[in-house]
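The structure under discussion appears below in the form of structure tokens.
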Number of protein chains: 2
Amino acid sequence: MSWKKRDREERGYHHGNLREALIQAARELIKEKGPAGFTFADAARSAGVSAAAPYRHFRDREALLADVAREGFQRFEAMLSTGWANGKPDALTAFNNVGKAYLAFARAEPAYYAAMFESGLPPDLNADLRAAADRAFGVLRTAAESLVALLPAGTRPPALMMSLHVWAMAHGIASLFGRGDAGRRSLPMTAEELLESQMLIYLQGLGFPQKA
Amino acid sequence: MSWKKRDREERGYHHGNLREALIQAARELIKEKGPAGFTFADAARSAGVSAAAPYRHFRDREALLADVAREGFQRFEAMLSTGWANGKPDALTAFNNVGKAYLAFARAEPAYYAAMFESGLPPDLNADLRAAADRAFGVLRTAAESLVALLPAGTRPPALMMSLHVWAMAHGIASLFGRGDAGRRSLPMTAEELLESQMLIYLQGLGFPQKA
DNA sequence: AGCTCATGTTAAGGGAGTTTACATTAAAGC
DNA sequence: GCTTTAATGTAAACTCCCTTAACATGAGCT
């Protein structure tokens, strides 16, 4: 709540790091009112600068949003990577941890998540955004590849397909049930439990043994 | 494209069915620019009436959006019901058809879909909206119940959980890969193929036999 | 025909966002 | 110290949206 929106006097004429401050402000506003619920001027106000100031750092609102999304994808990738943990302690466990990390990110960073997946931005607005998104998905892809390698040859599903399936499951659950903030439907189980059971059934369908 | 935005002279003073025309206009605009990409005045313009006219039919923009969503849920329910076809020819096939119907709806009616799931409307803004959404989900729920009944007692998953899983899968795929319009990622398979394979694996994981 | 009321239109006030041009401050280098 | 330059601020023009009030129209009923 109390980040660097220091008063003008305290801070002087120059903001110091307006670019980053605008991204933070945008995150706050997205969290409160959704990716469409704020304007360029709002972001400037929140950062404590004039309405014209943001133009020095972003061409327009969309460019700001794109940067929020790009930054989000970077953190997302980091979070998924940590979940995967290079396949430790074993690929199956690690794979499930990736799923948990996905959901945890959506819950912990609803603003990033919304900017990334629900802002209506074209995924390849700029190369950086696209690359960041691809790298994040790459973690999923890598994990799937390690996992299918455990199956006997001949029964291995395409790893790409599998990673898309998992992405869809995680996104579906995060999107429908993952953010308690708004008037979401009430359920007899948490989003985490839902995803875990779903992944369990899915992996069983692929022939993975259940752990004891 | 050429629906009833007849000229003023051709149409006379009264529109005749402005309420419906506004909903259609909103659908067009949502399809083009997303649920947040139009204003109350825009809708009026598209319908060929003055900016003040909509107030005779909707309290505000949100009420208009809610009606688009409500209408969408009704058609959605109808489409899912048709897919389910009372479990014919057999529950397993019919269940897969529900999934296909889900995706077909998202593809054929992106505007309705966006209003229903991506507009940020509180699900229980009004009782009608909530009821329509619940009825649509009810189709999924009913289908899941019929399906689990085929499994031997003792291995039956909770039907509610299963319907939530399927909802999440279908929504995840529709949301990520289902609308070719914008700059979606290019894939080696269609959304339909993805969902079908995912459902197959999932159902196999639950113990359903594959068809010959 | 004449009434009436829902449905539209015009007009007007108030706000807000966008964007550009120009002024001001601060920091860094000569 | 002085100059240069990047980073903000201020102001203003422009456009658009929201909302309501007052007036106009015409479809249906009697």
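What's counted below: heavy atoms across the whole structure, side chains too, no hydrogens, waters or symmetry copies. Convention: sequence-line order gives letters A, B, ...; per-chain numbering from 1.
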Name every donor-acceptor pair, under 3.5 Å, that has one atom in a side chain of residues 77-85 of chain B and the other anywhere in the protein, sequence neighbours excluded.
residue : atom : partner : partner atom : Å
B:Ser81 : OG   : B:Glu77 : O            : 3.2
B:Thr82 : OG1  : B:Ala78 : O            : 2.9

Whole angstroms only, please: what is the [atom1]-[atom2] distance between [X] and [N]?
X	N	atom1	atom2	value
B:Phe58	C:dT7	CZ	C1'	14 Å
B:Leu18	D:dG26	CG	P	16 Å
B:Leu22	C:dT7	CG	P	12 Å
A:Glu62	C:dT18	CD	P	13 Å

### Task
Just say parallel, tilted or perpendicular for the rings of B:Tyr102 and B:Tyr113, cut-offs at 30° and 60°.
perpendicular

### Query
Phosphate oxygens OP1/OP2 of C:dG8: is one of them under 4.0 Å from a side-chain N or O of B:His57?
yes

### Task
Please state whether the phosphate of C:dG17, meaning OP1 or OP2, lies under 4.0 angstrom from any side-chain nitrogen or oxygen of A:Arg45.
yes

Under-3.5 Å N/O pairs linking protein and nucleotides 18-20 of chain D:
residue : atom : partner : partner atom : Å
D:dC18  : OP2  : B:Ala41 : N            : 3.1
D:dT19  : OP2  : B:Tyr55 : OH           : 2.8

Taking side chain to side chain donor-acceptor pair (under 3.5 Å) as the definition, give me every residue that meets it alongside [X], ordered by chain and number, with sequence neighbours left out.
X	answer
A:Glu118	A:Arg179
B:Glu145	B:Arg141
A:Asn97	none

### Task
Give every residue pair that meets the side chain to side chain donor-acceptor pair (under 3.5 Å) criterion with at least one member in residues 52-63 of chain B, sequence neighbours excluded.
none

